[in-house]
Amino acid sequence: MTVSTDPKPRNLLKILFGVSLALNLLIVGAFGGVLMRKGKGPMANHLTSGFLYMQALDFQDKRALRKELLRNKDDRKLIKAGNQASYNSAVDLLKNHTFDRNAFENLLIEQAKNAKARQSSARIALVNRIEKMTKEDRLIYAQRLGNLIDSKVK
């Protein structure tokens with residue numbers, strides 16, 4: 001029996017298939033990114049409340065605001081544990097044989113209240129940050145915000 005030094009055609013086909021798949025995914029991802037950036041994709045006009053305000057901040061202000069929002073590690077751990085428990089409760093409710101509409105709706109209402117509280121603290125931190133800006137810095141910030149709005153709405 002002779003031993004061949006050439007890779008088996010089967011292995012070569014697997015490698016070619018893998019490379020082809022990777023290239024296809026790269027092309028699809030790039031195309032999707034272009035659509036979203038140019039405003040034609042399904043998420044292009046999704047403007048989360050407060051997102052543009054945060055995005056318009058300069059690097060130093062973003063960093064300071066992030067530090068302010070992430071300041072208390074103990075609170076973050078409690079919030080994360082509460083979120084985990086809340087979603088686990090949702091899973092448990094969904095797995096029950098009979099669907100308890102009221103319990104599930106109350107859980108969603110509670111989750112919405114928690115999200116609103118986090119948004120409120122982020123909003124207050126943002127307003128505090130903007131209040132500390134000089135008039136010139138606010139004008140620059142307003143210009144960046146206006147440019148972002150124009151680029152997202154068109």
Side-chain angles (χ1 to χ4, degrees), residues 14-15 17-154:
K14 285 181 184 178
I15 292 170
F17 177 72
V19 170
S20 172
L21 180 62
L23 287 173
N24 286 333
L25 289 174
L26 183 66
I27 291 168
V28 168
F31 183 69
V34 167
L35 285 180
M36 286 180 69
R37 184 168 297 278
K38 294 298 180 188
K40 297 179 183 173
M43 295 297 289
N45 293 324
H46 177 72
L47 302 177
T48 306
S49 175
F51 175 74
L52 289 179
Y53 294 107
M54 302 288 261
Q55 192 175 5
L57 291 170
D58 69 11
F59 177 77
Q60 289 82 9
D61 285 328
K62 283 180 190 177
R63 195 165 103 189
L65 187 61
R66 189 178 313 113
K67 187 181 278 189
E68 175 68 25
L69 292 173
L70 300 176
R71 182 182 51 184
N72 194 337
K73 283 186 176 185
D74 293 336
D75 285 350
R76 285 187 299 152
K77 287 179 182 179
L78 287 173
I79 290 169
K80 188 175 179 179
N83 287 342
Q84 183 69 36
S86 180
Y87 284 116
N88 286 336
S89 296
V91 169
D92 292 341
L93 287 170
L94 292 169
K95 285 181 177 180
N96 286 340
H97 180 66
T98 56
F99 178 65
D100 187 348
R101 177 190 171 95
N102 289 334
F104 191 73
E105 191 170 6
N106 288 336
L107 181 66
L108 292 177
I109 290 169
E110 191 62 33
Q111 288 175 344
K113 285 179 187 176
N114 291 337
K116 192 170 185 174
R118 287 190 304 276
Q119 284 179 341
S120 178
S121 66
R123 183 179 58 248
I124 291 168
L126 175 65
V127 171
N128 289 341
R129 189 81 209 150
I130 293 170
E131 184 180 39
K132 292 177 184 174
M133 290 180 181
T134 65
K135 181 168 176 71
E136 294 79 22
D137 288 341
R138 276 196 321 276
L139 290 173
I140 293 168
Y141 173 69
Q143 182 63 45
R144 281 195 309 261
L145 181 61
N147 293 341
L148 278 171
I149 293 167
D150 289 344
S151 71
K152 300 290 183 185
V153 174
K154 290 180 182 179

If you measure from OH on Tyr141 to CG on Leu145, what distance do you get to the nearest 0.5 Å?
5.5 Å
Please report the closest heavy-atom contact between Arg144 and Leu57, naming both atoms and the distance.
NH2-C, 3.7 Å
Here the pair of heavy atoms bringing Leu94 nearest to Phe99 is CD2-CE1, 4.0 Å
Looking at Arg63, I want to see if its CZ is surrounded by more than 12 non-hydrogen atoms of other residues, nucleotides or ligands under 6.0 Å.
no
Distance, nearest 0.5 Å, that separates NZ of Lys116 from CZ of Arg123:
8.0 Å
How many angstroms lie between CD1 in Ile140 and OG1 in Thr134, if you round to the nearest 0.5 Å?
7.0 Å
Find the distance between CE (Met54) and CG (Leu69) and round it off to the nearest 0.5 Å.
5.5 Å
Between CD1 on residue Ile109 and CG on residue Asn114, distance to nearest 0.5 Å
12.5 Å
Determine whether Met133 and Asp61 make a side-chain contact, defined as any pair of heavy atoms from C-beta on separated by less than 4.5 Å.
yes
Answer whether the closest heavy-atom distance between the side chains of Asn128 and Glu131 falls below 4.5 Å.
yes
Rounded to the nearest 0.5 Å, what's the gap from NZ on Lys62 to CG on Leu65? Could you check?
10.5 Å
Contact between Phe104 and Leu108 at the side-chain level, heavy atoms closer than 4.5 Å - yes or no?
yes
Side chains of Asn106 and Glu110: any donor to acceptor distance under 3.5 Å?
no
Shortest non-hydrogen separation from Leu52 to Leu148 and the atoms involved:
O-CD1, 3.8 Å
Closer than 3.5 angstrom, by distance alone: can the side chain of Ser86 be matched with the main-chain N or O of Gly82 as a donor-acceptor pair?
no
